[in-house]
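These numbers come from the heavy atoms of this one structure, side chains and all, not from hydrogens, waters or symmetry mates.
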Amino acid sequence: MALKLFKLAIDATADITTTVNPEISQYFYEFDEEDVENDVLTIPAASFVDDTGAAATELATVTTDNGYHRLFINGVLQQFGLYTADEDEVTVNIGAGVTISENAPITLIVVNFDPESDSDIAVTT
């Protein structure tokens with residue numbers, strides 16, 4: 001009989017269900033020139049309102065490796081490197097000579113995920 005490679009015969013099936021469970025916080029502010037100093041716009045958390053119109057006391061923060069935030073000025077998404085956001089404030093480097101219209105809407109969106117996964121794996125040998 002000739003040599004033959006014998007292999008283990010395995011049959012496996014997996015049923016995996018994942019739910020991402022996003023938690024979305026949105027904050028709204030109307031631009032005020034008084035909040036600009038040295039070409040930096042600093043918006044305190046208390047200057048924002050939430051989706052219900054209630055004044056914010058602090059801003060949601062991004063969960064490390066499991067969330068993100070976006071900033072829109074007058075409806076335009078801003079590059080991430082131009083701003084920082086934490087629980088106390090948002091700072092935006094607007095640059096020299098750049099103007100923002102008074103009362104232009106500024107929106108901060110913070111999205112965090114709380115994923116859950118369930119799996120059922122069956123292996124037959």
Side-chain angles (χ1 to χ4, degrees):
M1 178 172 171
L3 295 176
K4 180 179 178 182
L5 179 64
F6 288 89
K7 299 184 277 180
L8 182 60
I10 297 177
D11 185 27
T13 60
D15 182 23
I16 302 170
T17 304
T18 300
T19 307
V20 295
N21 300 319
E23 180 179 310
I24 303 168
S25 301
Q26 298 183 119
Y27 303 97
F28 306 91
Y29 161 84
E30 290 180 341
F31 178 72
D32 182 351
E33 288 181 16
E34 303 266 331
D35 292 331
V36 178
E37 186 175 320
N38 297 324
D39 300 325
V40 175
L41 169 62
T42 302
I43 311 168
S47 294
F48 284 95
V49 296
D50 63 16
D51 275 331
T52 67
T57 55
E58 65 180 24
L59 304 172
T61 55
V62 174
T63 303
T64 304
D65 296 329
N66 217 12
Y68 63 91
H69 51 71
R70 296 291 181 258
L71 184 75
F72 295 82
I73 297 178
N74 207 21
V76 179
L77 178 62
Q78 301 302 303
Q79 294 173 310
F80 184 72
L82 294 176
Y83 69 95
T84 60
D86 61 34
E87 62 193 20
D88 298 320
E89 66 187 14
V90 173
T91 58
V92 184
N93 296 314
I94 58 175
V98 175
T99 59
I100 299 173
S101 299
E102 189 70 22
N103 295 322
I106 296 180
T107 307
L108 175 69
I109 300 173
V110 181
V111 179
N112 287 301
F113 298 98
D114 185 19
E116 295 175 2
S117 288
D118 183 40
S119 62
D120 184 21
I121 300 173
V123 178
T124 306
T125 57

Query raised in the report: Does some side-chain heavy atom of Asp65 sit less than 4.5 Å from a side-chain heavy atom of Thr63?
Result: no
Query raised in the report: How far apart are the closest heavy atoms of Ser25 and Ala60, and which atoms are they?
Result: OG-CB, 3.7 Å
**Report entry** Validation row: Ile100, Asn74 side chains within 4.5 angstrom (heavy atoms)
**Finding:** no
Query raised in the report: Between Gln26 and Asp51, do the side chains contain an N or O donor and an N or O acceptor separated by less than 3.5 Å?
Result: yes
Requested in this report: Report yes if the side chains of Ile73 and Val92 come closer than 4.5 Å at any heavy-atom pair, otherwise no.
Outcome: yes
Query raised in the report: Is the CZ atom of Phe72 crowded by more than 12 outside heavy atoms at less than 6.0 Å?
Result: yes
Requested in this report: Please state whether the rings of Tyr27 and Phe48 are parallel, tilted or perpendicular, taking 30° and 60° as the class boundaries.
Outcome: perpendicular
**Report entry** Spacing of NZ belonging to Lys4 relative to NZ belonging to Lys7, to within rounding of 0.5 Å
**Finding:** 9.5 Å
Requested in this report: For the residue pair Thr91 and Thr84, confirm or rule out a side-chain donor-acceptor distance under 3.5 Å.
Outcome: yes
**Report entry** Gln79, CD atom: more than 12 neighbouring heavy atoms under 6.0 Å
**Finding:** no
Query raised in the report: Would you call Ile94 and Val40 a side-chain contact if the rule is heavy atoms closer than 4.5 Å?
Result: no
Requested in this report: Please check if the side chain of Asn93 supplies one atom and the backbone of Gly95 the other of a donor-acceptor pair under 3.5 Å.
Outcome: no
Query - Validation row: Tyr29, Leu41 side chains within 4.5 angstrom (heavy atoms) - result: yes
Query raised in the report: Where do Thr19 and Asn21 land on the side chain to side chain donor-acceptor pair (under 3.5 Å) test, with the steps shown first?
Result: CA-CA 6 Å; Thr19 307; Asn21 300 319; 5.2 Å; no
Report summary line: Closest non-hydrogen contact found for Ser117 with Thr18 is OG-OG1, 2.8 Å
Report task. Report the distance from atom OG1 of Thr42 to atom CG of Asp88, rounding to the nearest 0.5 Å. Result -> 12.0 Å
**Report entry** Check against side-chain contact (heavy atoms from CB on, under 4.5 Å), Glu23 and Asp114
**Finding:** CA-CA 8 Å; Glu23 180 179 310; Asp114 185 19; over 6 Å; no
Report task. Give the intermediate values and the outcome of side-chain contact (heavy atoms from CB on, under 4.5 Å) for residues Leu59 and Val110. Result -> CA-CA 9 Å; Leu59 304 172; Val110 181; 5.9 Å; no
Query raised in the report: If every non-hydrogen atom of Asp86 is compared with every non-hydrogen atom of Thr61, which pair is closest and at what distance?
Result: C-CG2, 4.2 Å
**Report entry** Ile106-Val76 co-clustered via ILVMFWY side chain contacts under 4.5 Å
**Finding:** no
Report summary line: One should read off an interatomic distance between Glu33 CD and Ser101 OG, to the nearest 0.5 angstrom, of 9.5 Å
Query raised in the report: How long is the span from the CG atom in Leu71 to the OG1 atom in Thr107, to the nearest 0.5 Å?
Result: 8.0 Å
Report summary line: Those residues at least two apart in sequence (or on a different chain) that pass side-chain hydrogen bond (donor to acceptor under 3.5 Å, both in side chains) with Thr124 are none
**Report entry** Flag side-chain contact, heavy atom, 4.5 Å: Ile121 against Thr13
**Finding:** no
Query raised in the report: Within a strict 4.5 Å, meaning less than it, do heavy atoms of the His69 and Leu108 side chains meet?
Result: yes
Query raised in the report: If you take all heavy atoms of Thr57 and Ala45, which pair is closest and at what distance?
Result: O-CB, 3.9 Å
Requested in this report: Would you name the heavy atoms of Ser119 and Ile16 that are closest together and state the gap between them?
Outcome: CB-CG1, 3.8 Å
Query - Asp35 backbone acceptor or donor facing Asp32 side chain under 3.5 Å - result: no
Query raised in the report: How does the hydrophobic cluster around Leu82 look, that is, which other residues are in it when side-chain heavy atoms under 4.5 Å mark a link?
Result: none
Query raised in the report: Transitively linked via ILVMFWY side-chain contacts under 4.5 Å: Phe80 with Val111?
Result: no
Query raised in the report: Under 4.5 Å between side-chain heavy atoms, hopping through other hydrophobics if needed: is there a path connecting Ile24 to Val62?
Result: no
Query raised in the report: Just wondering, do Phe31 and Val36 contact through their side chains at under 4.5 Å, heavy atoms?
Result: yes
Query raised in the report: Same hydrophobic cluster for Val123 and Leu8, using side-chain heavy-atom links shorter than 4.5 Å among ILVMFWY?
Result: yes
**Report entry** Shortest non-hydrogen contact from Pro44 toward Glu89
**Finding:** CA-CB, 4.1 Å
Query raised in the report: CD of Glu102 to CD of Glu30: how many Å apart, nearest 0.5 Å?
Result: 9.0 Å
